Amino acid sequence: MTLLKIEDLNKSFKALHILKGVNIEVNKGERHVIIGPNGAGKTTLFNCIYGTLPLSSGKVYLAGKRIDHIPSFKRTEKGMGRTFQKNNLFEELTVEENVRLAIMGKKKYRLNMFKPMQNYNDLAEECHRLLEEWEMTERRTVLVKELSYGEQRLLEIILSLSTNPEIILLDEPTSGMSPTETSRFVKLIKKIPDHITLVIIEHDMEVVFSLANKITVLHHGTAMMTASPEEIRGNQMIQEIYFGGGALSHD
Amino acid sequence: MIELKEVHSYYGHSHILHGVNLQVKKGQCVALLGRNGAGKTTTIHSIAGLVVPKEGTIQFKDKELVGRTPNHISKAGVGLVPQGRRVFPSLTVKENLLIAERKSISSEKQWTIEEVYQLFPILKEREENMGNELSGGQQQMLAIGRALLLNPDFLLMDEPSEGLAPVIIEQIKNIILDVKKTGLSMLIVEQNIDLACCVADEVIILNKGEVVWQGLPAELLHNDELLKVHLGV
Amino acid sequence: MVYLSTEILVFAIFAMSLGLIMGFGGMPSLGHCALFGLGAYTVAILSEYTANIYLLLGAAILISLCFSLVTGYIAIRNKGVFFLMITLAFTQVLFLITSRMKFWGGNDGYSASLTANFGFGEITSNIGLFYMMGFFFVLTYFLLKLFVNAPAGKVLKGMMENEGRMIALGYNPKTYKMFAYLIAGSMAGLAGGLYIYKTQFVSPALFSVHMGAEVMIMVFIGGMGTIFGPALGAGAFVFLQNYISTMTDRWPLILGLLFIAIVLLKRGGILHLLQFVATFGLKLFKSSRNAPVDKHVKGKEQAS
Amino acid sequence: ACGSGGGQASGDGEGESIKLGFTLALTGNFAFMGEGVKEGVELFFEENDYKIGDRPVELFFEDDAGDPQKALKNYQQLTLNQEVDFLGGGTIGSISYALTEAAEKDKRVPIINVVGSGNSLSWGDKSDYVWRIGFSSLNYAGTLGVDMAENIGKKAVVIASDYVAGHEQATDFSANFKEHGGEVLDILWAPSGTSDFSSYINQIKQHDADAVFMFIPGADGPRFVQQFKEFGLAKNYALVDGGSVLNAPSTVEAVGDAVVNGYTLSHYHVGLENELNKKFVDDYTKKYDKVPDNYVINGYDTAKVISESIQKAGSTEVGDIIETLKAGLSFDSPRGPIELDPKTNHPIQNHYILKGAEKDGEIVFELVRTYEKVQMPAEDPGYEKAK
Amino acid sequence: MLLFLMAAGLSIIFGLMKIMNLAHGSFFILAGYVAYSFSRSGMNFWLSMVLAVIVISIFALIIEKLLISRVHGSETDQVLLTVGLVFVLGDLALWIWGGNFLSIPVPALFDYSLDFVGMTFPAYRLFVIAMGILFAFVLWYFEAKTRVGMIVRAGVDDMEMVSALGFNVKIIFSGVFIFGAALAAFGGVLSGPILGMYPMMEWEILVNSMIVVIIGGLGSWKGAFIASMIVGFVDIFGRIYMPTFAMAFIFILMVAILMVKPTGLFGRVES
Ligand SMILES: Nc1ncnc2c1ncn2[C@@H]1O[C@H](COP(=O)(O)OP(=O)(O)OP(=O)(O)O)[C@@H](O)[C@H]1O
Ligand SMILES: Nc1ncnc2c1ncn2[C@@H]1O[C@H](COP(=O)(O)OP(=O)(O)OP(=O)(O)O)[C@@H](O)[C@H]1O
Ligand SMILES: CC(C)C[C@H](N)C(=O)O
Ligand SMILES: [Mg+2]
Ligand SMILES: [Mg+2]
């Protein structure tokens, strides 16, 4: 079943035509990785899907419904979550407070003005569960700005998971992570239940090939090809434009 | 060229570096590896003067760097590619480069903006765009270009390959090797062990603010135990 | 003294309302006095037709609510200084309009004569007024307190920290900002309405830049990002203004030096200063007694 | 402001001290009036050893910056906290109105309206508790309208501050000017706080008038006078000022010879030949090192009225004082004979037409004409409002 | 043009350096007061102008070193600190120069007026206009021909990084701050013969220059220049047709512009 469908998406910044008629379909439960050279338009594509940037033209469907005209916070309500390429967190708050805010985004009582935050047990529980799952419980009272880079990346992902999404867009989740953290991260990502769909931008090929079951190559703003990891690996042209030969040596 | 002795650095009250010792000789490239939070960036910052070590000495070309301000250190010939790019969003791409351009004090190789543009043609194309209108990888290129234009004698690179596509990493690798040939000394922090081992003459592994291993790249690549324990590979 | 305390209470309500949008919503309004002034004018003008305090205060709240709705809608799109200047602009326009309203006194202001009566007797004495303001102060204080600790308040604060991220978490920033703005607006209107019971006089000066700046100052010196801080700031400001000014002509000088001192001591305001002293004191106490008081202090800090 | 004075010097402790409170514009646009009044009051009590009869006097000055809201706050503070026996205040009309209303309602203290010029304070809004020592708009502008038509020119342009007193002055001037054969070509309104008058000045230039009548109190006034000269208007138009701005020492100090040949009206003139004035000018100059203007004399006479009425009433009870004032009070002041008219609570006084001149490098005002014993009409003459 | 003279300094300190300097108006009129005192003591206009600017620059240096440099980056602190300064300076000025309106005499060189197509232009005003253009030129030069403007913008983004590039950001920031204050001081002295000085004037100056800088867009001298023209025209026409509401028009104009372009006419869109 197609969960996310992008149809003929175009995006220009003034005279720069960045995305040129992108078409992508993502099925439910898929681990869909988007790769492509720097500046191909991957982040821009995410921004357009999520509504952070307005599209120039084209359509975006989520579960069959068009969503390209609704504000981005409503897309979260409809089941989308995302992380940012550059850490985008509440630096002055603790890890726990960050997570709570995130969880609350989908709760009905988020507009409640009178009942103190501490009194919501479900909130506390969910927060606790998430932190446990992602092995961050120990760090829960630390201010985010004092976390190491890798930890902050992790928190990015926790936040996007907290909104209880059906589909998550992850923008270079492992960039800046050490191999240790990266492999832990891959392990944790693999634990994400199957019903949650993941769309991931990644440059680290190990990560790409250990997670992906579908890969889209974005080049100069067009989706050159969408195929299984094996096909991508075997494609000569892609080898050239993206891997520049040799980089795949240890696969 | 540069020598750190028993450097102890703090953020506020938290003690991050517990007596780091390391040395980079002239024309040498040293790679600094370690897990997230090991203190790699802190080491870089201690050298660049962005963090002032409370104890220890840092000798650079016979000058003591501890206690000097970042601008002095930079003027003394230290260039920095910071972690997270840190390009200036309110400057255009060109201005981001212009601001760094200066004459080298000793090395004969002089980088110019044109050369940087040749290295990364996309920067030329985006010349008039603001710093934050670049893609992540393009910003990384800009940060590298900016550091080269300082024409330093000693270059600090904090995860230069972060967020770059494999082709570009390959390119960066070549750049580093080229630059090395001009006699520039470097300290590189990397997560990409392949890249690090390819360019470095020596590798240092940091853990919890202490140097836990030091040796040749080849040794490291063949020491599975080490790779597993400290780098998780 | 009673007379002064009454004034302090009114301004405390006013300052707390501004403190809400400034300290929790990141919206520095230089035009908050517009809402106060509107509340005051509403009560003053309507008092010709009715003496029912519920109606009058209700109307004050309603009018300022409507005004916040309109101005908020426009101003919320901007941030920082831009927000500041837009709110100032609204206030200045009101200032000019009220100065020209010949019918309601224009520049000369407009005297009203009214006594509070909540249905159990007229409040004529000063002390009575004091209790009345005190009641409203306590009421608004607890309402605000509830608000900032409740989800909506926390979200508002998150919004101030990092709006982009909040959007990506599914929050609509405008809703929350508007919400806070309306609450603050109606509270300021209420404060304005109450003020008339004390002064029995309104004039366009209520809409002047000075008025706007003064409340802002109260919030600042009291301590931003807290509820009680601005109230404390209002108290300190009114008190000092009255007392220093009877002692010396150099009141602005002293006030100015006070600000500079607050900033240089690197504390957010009087409240923070007090907390600092308290924590410090307790630490000393602890070190001498070795008692587990640390937690206690923490709790207090968070409560504010 | 500070509470100064007090009869400690006498030390005999006879009688409780009399507390006098003042709310004046000591800062802001109207500070030049407030300062003058304050100096006048202080001078009077200094001459009288800070005593009324044999009771010591305590003075409280509060600043209202020309804002009625603040003035009312001061009023409450002074009457409730300090419990003063007599109040002086009202540097501008709007404050006078606010104070009058409050006094009429509370009936707590008698008030001397020091400068406030609102006409209706003598008519519909008159209160037994508030007595004027300065002048009303009509009082000044009326005389000037007559004088200008008869002596200066028949065609005039009016420029006035866009606030109550400005509108009153423009109305009263125009009506009297027309009655005596003058013609008003245009009336321009400048909001208070105008700093650049060039657009007004270019409008004035389009009229072929003999004179410009201005009423622009505050800091704007001197600025206008200066720009009037700067733009070369002084050559072609006589400048007539209805607010005693021109001759204020502060104006002269600020704009220098730009006031030369300008006319103004005042109920006081430094050069008046009478004993009281000589002493007054001497004392004042000794104390403040400058010459007094009509705001100083207002302060001085305010103190005089307070002192006289308390002594005459023999008490500080509000009721007694009001009765005394209502019975009529007259005395000789440095400004000439003065009589507080109970019909209007406004003084009957002399008006002096003054003209700026340069004499031996100094700028002085010369007395050109005197109108004796001008009084405020007891009823509103109902002039057509100037627009 | 007067408006531009008022706003030029602020457009540097606030627009470029992002320092919320509410004491801008105070620098402005303080310079006027100081020049007044010098010219009173017999000095000619030009000399007192230069001296006043020097005095204010030194003063700004002290303020910057002692106070402002401690609150970099925190807008709240800057506001509070500079408001404090406004009060202190205003009160000191009141103390020293009194509450009366004071004015600097027009320099003899320009003490005449020209008639031109039925309008009168005092020579001094023409001179002020010329100075305004000169200011614009200085700012243009500052921005286009020196790296300082660039460094300052970069410094506002990331001060640490700029110093890691080898610039002594602190000194540069102090220098630019003083430059801004000196511009304000120049403006203050130049407008002295036209506007004069009186207590509380600093607020008017501040509000006016804020409006100009905001309408023009932060960090853009072009914006400030054009905005001061626009505001000037609106003001003049407002005064002729609806005197009391002239100011209201300006505010409405500002709101309208910000509604269409939330960062002002020439402001950069920040992400
Ligand atoms: N706001 C903008 N204005 C103009 N051009 C922009 C803007 N944002 C991005 N671009 C350009 O659009 C192109 C695509 O950028 P995008 O960030 O989507 O790349 P990416 O594929 O995510 O690259 P990377 O792997 O380096 O992160 C780049 O060439 C970039 O320069
Ligand atoms: N500004 C700060 N304040 C307090 N603690 C900090 C700060 N910056 C870093 N730390 C802490 O210092 C430790 C070392 O951080 P550092 O950034 O040097 O690590 P790193 O080795 O560069 O890691 P990474 O690979 O994630 O970049 C971490 O535990 C981090 O939490
Ligand atoms: C200058 C004065 C005549 C002004 C007057 N005091 C007024 O009521 O505003
Ligand atoms: Mg990207
Ligand atoms: Mg690091």
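Quick caveat: nothing in here was measured; it's all calculated off a predicted structure. Just so we're on the same page: letters track the sequence lines, and every chain starts at 1.
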Side-chain donor or acceptor of Asn36(B) paired with backbone N/O of Thr180(A) under 3.5 Å: no
Determine whether a donor-acceptor pair (N or O, by modelled atom type, separation under 3.5 Å) exists between the side chain of Asn38(A) and the backbone of Ala165(B). yes
Chain B contact via Ile18(A) - side chain, backbone, both or neither, heavy atoms under 4.5 Å: side chain
Quick check: under 4.5 Å, non-hydrogen atoms only, which of residues 200-222 of chain B neighbour chain A? none
Could you please spell out the steps behind the side chain to side chain contact (heavy atoms under 4.5 Å, CB included) verdict for Asn129(B) and Leu16(A)? CA-CA 10 Å; Asn129(B) 282 68; Leu16(A) 288 176; 3.9 Å; yes
Select all residues of residues 169-178 of chain A having any heavy atom within less than 4.5 Å of some heavy atom of chain B, and report them by number, or 'none'. Glu172(A), Ser175(A), Gly176(A), Met177(A), Ser178(A)
Proximity breakdown for Ile122(B) and chain A, heavy-atom pairs closer than 4.5 Å: neither
Got a second to check how far Lys14(A)'s NZ is from Glu128(B)'s CD, nearest 0.5 Å? 11.0 Å
Most contacts with chain A, counted as non-hydrogen pairs under 4.5 angstrom, among Glu190(B), Gln139(B), Arg126(B): Arg126(B)
For residues 216-224 of chain A, which side-chain donor-acceptor pairs fall under 3.5 Å, sequence neighbours excluded?
| unit_1 | atom_1 | unit_2 | atom_2 | d |
| --- | --- | --- | --- | --- |
| Thr216(A) | OG1 | His32(A) | NE2 | 2.6 |
| Thr216(A) | OG1 | Thr226(A) | OG1 | 3.0 |
| Thr222(A) | OG1 | His219(A) | O | 2.9 |

Neighbours of chain B found in residues 39-50 of chain A - heavy atoms under 4.5 Å: Gly39(A)
More than 12 non-hydrogen atoms from neighbouring residues, nucleotides or ligands closer than 6.0 Å to NZ on Lys94(B), yes or no? no
Hey, could you give me the OG1/CD distance between Thr182(A) and Gln191(B), rounded to the nearest 0.5 Å? 7.0 Å
When you look at CZ of Arg140(A), are more than 12 heavy atoms from neighbouring residues, nucleotides or ligands closer to it than 6.0 Å? no
Single hit among Leu33(B), Leu227(B), Asn192(B), Ile193(B) for side chain to side chain contact (heavy atoms under 4.5 Å, CB included) with Pro179(A): Ile193(B)
